[in-house]
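Please read the structure below before turning to the comments.
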2 protein chains.
Amino acid sequence: MRSDARRNYDQILSAAEAEIARHGADASLEEIARRAGVGSATLHRHFPSRQALLEAVFHDRVEVLCARAGELAGHPEPGDALADWLRAVAVYGATTRGLARSLLDGGRDPAPPAGSSCEVMLVDAGSGLLRQAHDAGAVRPEVSIVDLLTLVNAVSLATEGSPGAATEATRLVDLALDGVRPRG
Amino acid sequence: MRSDARRNYDQILSAAEAEIARHGADASLEEIARRAGVGSATLHRHFPSRQALLEAVFHDRVEVLCARAGELAGHPEPGDALADWLRAVAVYGATTRGLARSLLDGGRDPAPPAGSSCEVMLVDAGSGLLRQAHDAGAVRPEVSIVDLLTLVNAVSLATEGSPGAATEATRLVDLALDGVRPRG
DNA sequence: CCACGAAATGGAGGGACACCCCACTTATGG
DNA sequence: CCATAAGTGGGGTGTCCCTCCATTTCGTGG
């Protein structure tokens, strides 16, 4: 990759990060190009679709979440480890504008870039935690990782943008984990 | 209201219904006006914002849901009645393109039209069912109707458009009601 | 050091959209 | 029947996404 191309790529990415933080997943691509100091054609060559740009912007953050799943893998209480991780995913999604929406669309679309999408990364990272939780009998056997991530992402989506989004998202995830009906 | 105005209003509404069913909440307002056989200015006068149009389109359907809540009010098992209703709301949202999105945005926005929005209608309708369920001890006391509708709407949003959306939505609502953790 | 080919660029332009203005049409009550 | 106010829609503006292509820039082999 030529050095000027790399420089432009990075500038676009950081402009996109700022703009998406301000306006969410629907941020104007032209405005991003403008702020990055490049022409719109350059943006479109580096990122052929809006989804591609979103994935690139959120890739680092999602990687952090995946790393957290790795740390939690050895936790003595697999059920708590899974719950902690799901809460973390929900909070990230609820507080990072556009992420939840991007994950939702990314999971729906024909998923052009094969297995490297953010959604796939999260599924892979969560699968291990869920397996351990299953083995420990801490999670109903019929629950899949896709179920859990769908639910958590839905919560992120629904709470994103509200004041106290993180608190709200955590509450709702806990509610789904424990159930609406009282125990006992 | 003059008779021709009323006629145009109705034509816009039915065109919007068809177009939103085809393209979701992002349907083109110009296309709706075109299919209704009116100018775009007419559409914008009758419905000052996209949200206003969506609310009008979904008003009837939401009313049906509210009526269903009324029917379920006298059910001998308040917990089951609430669960039935929440499932119905989730299925409606998941199978009616654009509804969930509309409810989400409607609940977030400054809500211009005071208390007549679809979101408020559902909150009102659900409050009675939840109170009865609370009294019967079938629902945790700290759970509010807004929590439940947010969760259910989130599920609708996340499953909308997928094949078998209704089944998927029902599954996830049941999961949230019973909890991810097994009962003991 | 330089010239050259490939890589990269960005501005212009096409097509679509939301929204607004304003000259014109039409329903309706007296 | 007609005056008037309500209602209309075509066209204009500004924005957006995306593509084409003439031009510039990089990096390398002589």
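This one's a predicted model, so the numbers in the text were calculated from it and none came from an experiment.
B/Arg87 places no side-chain N or O within donor-acceptor distance of the main-chain N or O of B/Val173, the cut-off being under 3.5 Å. With hydrogens and angles ignored, the 3.5 Å screen pairs a side-chain donor or acceptor of B/Arg140 with a backbone N or O of A/Gly179. Judged purely by atom type and a 3.5 angstrom limit, A/Glu160 has no side-chain atom pairing as donor or acceptor with the backbone of A/Ala165. With hydrogens and angles ignored, the 3.5 Å screen pairs no side-chain donor or acceptor of B/His44 with any backbone N or O of B/Ser49.
For B/His46, the ring-ring contact (aromatic ring centres under 6.0 Å, His included) test picks out B/Tyr9, with sequence neighbours left out. Residues that satisfy the salt bridge (Lys or Arg N to Asp or Glu O under 4.0 Å) test with B/Arg101, not counting sequence neighbours, are B/Asp26, B/Asp105. With sequence neighbours excluded, the residues that form a side chain to side chain contact (heavy atoms under 4.5 Å, CB included) with B/Asp10 are B/Arg6.
Taking the screw axis at each terminus of the helix from C/dC1-D/dG30 to C/dG30-D/dC1 from five consecutive base pairs, the angle between the two is 10° to within rounding of 10 degrees.
How far CH2 of B/Trp85 is from CG of B/Asp80: 16.0 Å, rounded to the nearest 0.5 Å.
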Worksheet item: Can you give one letter per nucleotide of nucleotides 23-30 of chain C, 5' to 3': B if a protein heavy atom sits under 4.0 Å from the base, S if only from the sugar-phosphate, - if neither?
Response: ---BSS--
Item to complete: If a protein heavy atom is under 4.0 Å from the base, mark B; if only from the sugar-phosphate, S; if neither, -; do that for nucleotides 15-20 of chain D going 5' to 3'.
Response: -BBBBB
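Taking atom CZ of residue A/Arg6 and atom C1' of nucleotide C/dA7, one finds them 15 Å apart after rounding to whole Å. Between A/Ile12 atom CD1 and C/dG10 atom C1' the separation is 11 Å, expressed in whole Å. Atom CG in B/Leu43 sits about 14 Å away from atom C1' in D/dG7, given to the nearest Å. Atom CD of B/Glu19 is separated from atom P of C/dA18 by 11 Å (rounded to the nearest Å). Taking atom CD on A/Gln11 and atom C1' on C/dT9, their separation rounds to 13 Å, with Å as the unit.
Residue B/His46 places no side-chain N or O under 4.0 Å from the OP1 or OP2 atom of D/dG7. Under 4.0 angstrom from either OP1 or OP2 of D/dT8 there lies at least one side-chain N or O belonging to B/Asn8.
Atom CZ of B/Arg68 has 12 or fewer heavy atoms from other residues, nucleotides or ligands within 6.0 Å. Under a cut-off of 6.0 angstrom, the local environment of CZ in B/Arg50 is crowded, with over 12 non-hydrogen atoms contributed by other residues, nucleotides or ligands. Crowding of A/Arg34 atom CZ: a count of heavy atoms from other residues, nucleotides or ligands under 6.0 Å exceeding 12.
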